[in-house]
Protein chains: 2
Amino acid sequence: MKFAKIPPATIGRLSVYTRHLQELTRQGVEIISSEKLASLCSVNPAQIRKDLAYFGEFGVRGVGYYVKDLLFEIRKILGLNKEWNLGIVGMGNLGTALIGHENFLKQGYRFVAAFDNDPTKFARALPNGLKVFDIKEVKRIKDEVGMEIGVITTPASRAQEVANRLVEAGIRGILNFAPVRIHVPANCEVEYVDFTIRLDSLTYRLSVED
Amino acid sequence: MKFAKIPPATIGRLSVYTRHLQELTRQGVEIISSEKLASLCSVNPAQIRKDLAYFGEFGVRGVGYYVKDLLFEIRKILGLNKEWNLGIVGMGNLGTALIGHENFLKQGYRFVAAFDNDPTKFARALPNGLKVFDIKEVKRIKDEVGMEIGVITTPASRAQEVANRLVEAGIRGILNFAPVRIHVPANCEVEYVDFTIRLDSLTYRLSVED
DNA sequence: TGGTGTGAACAACTTCACAGCG
DNA sequence: CGCTGTGAAGTTGTTCACACCA
């Protein structure tokens, strides 16, 4: 791939493009212009072309983009030409719901391990046949099942401690649902999903506009 | 300062600050400097001061910020000096998990209504005593229970249709978990939570750095 | 002709550096 | 004296406008 440094926002938008390209594929649409795709994704058409230009030339001038080809190329850019193995820590309501959620599989993410620190949960059988292990065993299990990314769904107060364990076990990527920032070494990447933060943005806007 | 337009990123960070200020309160910390708070939140100290400066002067020079006061002030800025009533549409695994998730209540969000389009779910009793209603009844129920924000947890293919119904019922704020952009009139605000998009950012970085 | 690819203009956001004040 | 508050500088990201090409 290219050696320019890519805006994080571009990467986020590439994901959005793939969601809508997938939908277009399902609808049988074969070709789409940056203008139409932009409208679906609620962005500026030039933004789409610019985002893609970081990685190469994927369109046909005067025509547009071949939906299937573009989808394939973007997924390759995002590293999604392989399946990724996820391990999840914190088997409360949310963790249990995520492990059974279709969207992960649809995008190429597979849960291969589940952890908690509550012994009463170790017996429980999960939807997809996984068993819940003690978080202390994360290193052993990680190597056994080839876990690559850790998903944290514990309460905020335990997130840092879990992150430490994951890092220690050699995990290089973490998706954190707990509503606090966590601190990890530079060789480990973290992304955050905090739905109450998004709600706060909403309430801010709703409060201001009146 | 008061009437400048605020960067969306600032609003997002204000939420992050509150999460850590809450944690500090729990730990009994009374005063904190922008430097220390910045370290907790993984941002630049000047960024915190700048973010706050959009809204007023909340610190004491030479001292720092009083944790409780700052928390109160930021929550007021975000419109969180009231409880907000949420209605959720799509009672699959994820929807059911969210409705029982402590973080919402902790931040002042209360689920007051639940909807689906699958009649077999209407009977089901939810954790917090709510009943699942037909999405077609959203307008009536919304007025009855004072629902203010709609949360969409349906599959992508049904998100737009649900958004239309919410808008029609007079909802002015939507939190969308479905992995597609939705289109609504200008008087309605939308925020997105897509965890597979965040995972894609992670896999991109993991793929590039090797 | 019509839509992509892209340098250049523009806009937004972040960080610096220090003045100002408790 | 130390930490906040803030103009100015620096950096990053977005949009425009048009050259270019199937």
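All heavy atoms count here, side chains included; hydrogens, waters and symmetry mates do not. Order of the sequence lines sets the chain letters (A, B, ...), proteins ahead of strands, with each chain counted from 1.
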Inset, instruction - Check the side chains of B/Q160 and B/N164 for a donor-acceptor pair under 3.5 angstrom, ignoring hydrogens and angles. - result: yes
Interface polar pairs with nucleotides 14-16 of chain D, N/O, under 3.5 angstrom:
from, atom 1, to, atom 2, distance (Å)
D/dT14, OP1, A/R13, NH1, 2.9
D/dT14, OP2, A/R13, NH2, 2.9
D/dT14, O5', A/Q47, OE1, 3.4
D/dT15, OP2, A/Q47, OE1, 3.4
D/dC16, OP2, A/N44, ND2, 3.3

Inset, instruction - Can you tell me the distance, in whole Å, between the CG atom of A/L37 and the C1' atom of C/dG2? - result: 17 Å
Write out a two-atom table: protein N or O, nucleotide N or O from nucleotides 20-22 of chain C, distance below 3.5 Å.
from, atom 1, to, atom 2, distance (Å)
C/dG20, N3, B/R61, NH1, 3.1

Inset, instruction - Grab the CD-P distance between B/E73 and D/dG5 for me, whole Å please. - result: 12 Å
Legend entry - Whole-Å distance separating the CG atom of A/L52 from the C1' atom of C/dG5: 10 Å
Inset, instruction - Would you please say whether a donor-acceptor pair under 3.5 Å links the side chains of B/R198 and A/S15? - result: no
Inset, instruction - Can you tell me the distance, in whole Å, between the CG atom of A/L70 and the C1' atom of C/dG5? - result: 14 Å
Inset, instruction - Give a yes/no on whether any side-chain N or O of B/Y65 is located under 4.0 angstrom from OP1 or OP2 of D/dG5. - result: yes
Inset, instruction - Measure centre to centre between the rings of A/F104 and A/F111, then say whether the value is under 6.0 Å. - result: yes
Inset, instruction - Could you tell me the separation between the CZ atom of A/F55 and the P atom of C/dT4, rounded to a whole number of Å? - result: 18 Å
Legend entry - Donor + acceptor pair across side chains of B/T10, B/D51 (<3.5 Å): yes
Inset, instruction - Starting at CG of B/N103, measure out to CG of A/L199 and round the result to the nearest 0.5 Å. - result: 11.0 Å
Inset, instruction - Give a yes or no on whether B/E144 atom CD has more than 12 heavy-atom contacts from other residues, nucleotides or ligands under 6.0 Å away. - result: yes
Legend entry - Electrostatic pair A/R26:A/E23 at N-O distance under 4.0 angstrom: yes
Inset, instruction - Give a yes/no on whether any side-chain N or O of A/S34 is located under 4.0 angstrom from OP1 or OP2 of C/dT4. - result: yes
Inset, instruction - Take atom CD of A/E57 and atom P of D/dC20, then tell me their distance rounded to the nearest Å. - result: 13 Å
Legend entry - Spacing of A/K5 atom NZ relative to D/dT11 atom P, expressed in whole Å: 10 Å
Legend entry - Check: A/S42 main-chain N/O paired with B/H183 side-chain donor or acceptor under 3.5 Å: no
Inset, instruction - Take the protein atom CD1 of A/I48 and the nucleotide atom P of D/dG13, then report the distance between them rounded to whole Å. - result: 18 Å
Inset, instruction - Please work out which of the three classes, parallel, tilted or perpendicular, describes the rings of A/F195 and B/F177, given edges at 30° and 60°. - result: tilted
